[in-house]
Amino acid sequence: MTPSRARIRRTTAVRGVAFAAVAALTAVAIAGCSTSAAAMLTTEKKPFILSGVTNVERVAQLTGHDSLNKTGRYEIAGQDLGSMFQSGGKTWFVFGDTFGQREDGLTGGGGTEWRSNTLAYSTDTDPSDGITFDGYIADDLGWAKELIESKKVDGTEMTTIPTYGFEANGAMYLAYMSVKHWGEPGEWETNDAGFAKSTDGGQNWTKLDEPKWPGDSNFVQVSVTNVDGDLYFWGVTHGRFGGVQLMKVPEKDVEQKDAYRYFSGTASDGKPQWSSDMSAAKTIVDDTVGELSVVWNDYLSRWIMTYTDGGGDGTAIRESATPWGPWGESHTLVSASDVPGLYSPYMAPQFTANGGRTIYFTLSVWDPYNVYWYKADLVKQD
């Protein structure tokens with residue numbers, strides 16, 4: 001999932017399948033956050049207080065031969081994405097298309113030993129100097145394994161890209177999209193979106209038959225958070241030129257498609273309304289949104305959303321008192337003029353400092369096609 005994937009080519013056979021699993025969720029599975037579910041789901045109208053960010057800084061390079069993690073030892077020269085979730089006392093980093101060898105000067109996705117997705121894990125809890133990986137889910141050679149298999153046939157199934165991971169009912173899940181064809185920058189065709197599941201600590205993964213969402217739906221790419229036993233999914237469609245919608249499901253029913261409810265608006269008292277009909281879902285952020293990430297932030301006492309801005313402004317950040325909004329205006333997080341070819345700003349709630357004022361996040365860069373660790377300070381209005 002990059003500014004342009006037309007140059008991605010098949011240069012090697014798929015090297016296997018795998019992924020991650022473990023422990024049960026807490027009542028509110030938002031690591032590092034003690035805020036009550038009532039505060040996170042308030043219907044009280046609150047003014048917007050985020051006026052932007054400052055002190056944006058690249059902290060470290062996380063992937064690639066010259067990175068903090070020296071990923072060449074896992075046969076990784078380049079990869080992208082890097083969304084995060086917690087399970088089993090570890091933070092798991094979920095990567096997209098991964099290549100083992102790349103020619104010098106190559107821009108964007110490409111190379112040999114192509115794997116559609118890989119997974120690293122870490123017990124590092126100090127984000128200030130970057131995140132050190134404990135390892136990757138690997139094969140017998142020590143290479144990072146492909147987790148969710150794909151056909152790697154353009155026009156049929158080019159690749160399977162993971163968009164977010166989460167833990168539920170003692171297992172781990174990965175939300176993924178089956179990409180049929182990479183089109184123009186920021187556009188792609190998808191077959192469908194669904195889940196893969198692991199129950200053995202990430203070594204083996206199975207694609208679930210259900211639930212699935214159509215490739216033209218608004219839930220092709222998602223960000224997931226558990227609040228008080230319900231899983232909230234903020235979703236966007238394929239590409240980076242649509243808005244955000246919201247659905248939820250009880251954790252215990254995560255594999256039951258008919259248990260999902262779609263946010264369809266608010267009542268006169270401000271309470272959210274939910275529908276079993278996906279077509280009733282309301283757009284809660286009307287923007288050119290791709291590769292989004294939503295977490296609760298204690299410094300603002302708000303939800304914050306980061307995403308790739310398909311309109312060309314780089315990456316953006318917004319705030320809301322509730323999962324469904326209203327969401328505040330868009331502020332630039334990292335600009336495309338400062339970091340050309342940037343995309344996919346993913347947060348994890350445990351990686352903050354200064355009471356949540358400083359946020360840390362992954363950021364992919366098209367040239368040299370690797371993932372970096374960034375930080376920024378949130379600025380409140382006076």
Side-chain angles (χ1 to χ4, degrees), residues 1-19 79-81 83 94-98 108-110 114-119 145-166 173-198 205-224 233-245 247 249 254-258 260 262 277-279 281 288-292 308 310 343-344:
M1 197 183 327
T2 53
S4 173
R5 297 307 272 275
R7 286 170 287 184
I8 289 180
R9 59 187 183 275
R10 184 178 185 179
T11 54
T12 188
V14 176
R15 289 193 49 83
V17 186
F19 220 110
Q79 59 184 173
D80 69 350
L81 304 187
S83 63
V94 184
F95 298 105
D97 286 321
T98 296
W114 175 17
R115 287 142 285 173
S116 286
N117 39 75
T118 59
L119 185 69
K145 292 198 296 186
E146 182 173 82
L147 311 171
I148 308 170
E149 63 184 352
S150 64
K151 295 178 181 177
K152 296 182 172 59
V153 177
D154 194 12
T156 300
E157 183 181 64
M158 189 65 169
T159 188
T160 49
I161 298 296
T163 63
Y164 234 82
F166 60 96
Y173 293 82
L174 197 70
Y176 73 92
M177 60 179 176
S178 170
V179 178
K180 182 177 181 180
H181 171 70
W182 295 114
E184 295 301 314
E187 296 183 352
W188 49 85
E189 299 174 33
T190 48
N191 295 305
D192 54 32
F195 297 152
K197 178 182 180 181
S198 176
W205 283 78
T206 302
K207 289 181 181 178
L208 302 182
D209 293 334
E210 291 289 343
K212 285 190 176 180
W213 289 266
D216 60 354
S217 75
N218 219 90
F219 297 95
V220 173
Q221 306 169 79
V222 297
S223 175
V224 190
F233 294 77
W234 292 264
V236 297
T237 191
H238 55 89
R240 298 180 180 137
F241 299 108
V244 181
Q245 295 181 359
M247 65 181 179
V249 68
V254 66
E255 297 183 24
Q256 307 301 317
K257 181 65 181 293
D258 60 2
Y260 284 76
Y262 302 86
D277 182 1
M278 184 176 65
S279 67
T288 50
V289 180
E291 300 110 342
L292 77 169
T308 308
Y343 58 105
S344 300

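Only a predicted model underlies this, so the values are computations on that prediction, with no experimental measurement involved.
Taking the six-membered ring where the residue is Trp, Phe233 and Phe166 present perpendicular rings, their angle passing 60° and hence far from 30°. Relative ring orientation between Tyr260 and Trp213 is described as perpendicular, the plane-to-plane angle rising above 60° on a 0-90° scale split at 30° and 60°.
Residue Arg240 holds its CZ atom at 5.0 Å from OG1 of Thr308, rounded to the nearest 0.5 Å. Thr159 OG1 to His181 NE2: the interatomic distance, rounded to the nearest 0.5 Å, is 13.5 Å. In this structure, OG1 in Thr160 is found 9.0 Å from CG in Leu174, a value given to the nearest 0.5 Å. With rounding to the nearest 0.5 Å, the separation of CD1 in Ile161 from OG1 in Thr190 is 11.5 Å. Separation of atoms CG (Asp97) and CZ (Arg115) is listed at 10.5 Å; rounding is to 0.5 Å. Once rounded to the nearest 0.5 Å, the distance linking CE of Met177 with OG of Ser217 reads 11.5 Å.
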Yes or no on side chain to side chain contact (heavy atoms under 4.5 Å, CB included) for Glu187 and Phe241, after CA distance, side-chain angles and deciding distance?
-> CA-CA 8 Å; Glu187 296 183 352; Phe241 299 108; 3.5 Å; yes
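Although no hydrogens or angles enter the test, the distance criterion places a donor-acceptor pair under 3.5 Å between the side chain of His238 and the main chain of Trp188. Of the possible donor and acceptor atoms, none in the side chain of Gln221 sits under 3.5 Å from a partner among the backbone N and O of Val236. Under the 3.5 Å distance criterion, the side-chain polar atoms of Asp192 are left unmatched by any main-chain donor or acceptor of Ser178. Although no hydrogens or angles enter the test, the distance criterion places no donor-acceptor pair under 3.5 Å between the side chain of Glu291 and the main chain of Thr163.
With sequence neighbours left out, the salt bridge (charged side-chain N to carboxylate O under 4.0 Å, His left out) criterion links Lys207 to Glu157.
Heavy-atom neighbours of Asp277 CG from other residues, nucleotides or ligands within 6.0 Å: above the threshold of 12.
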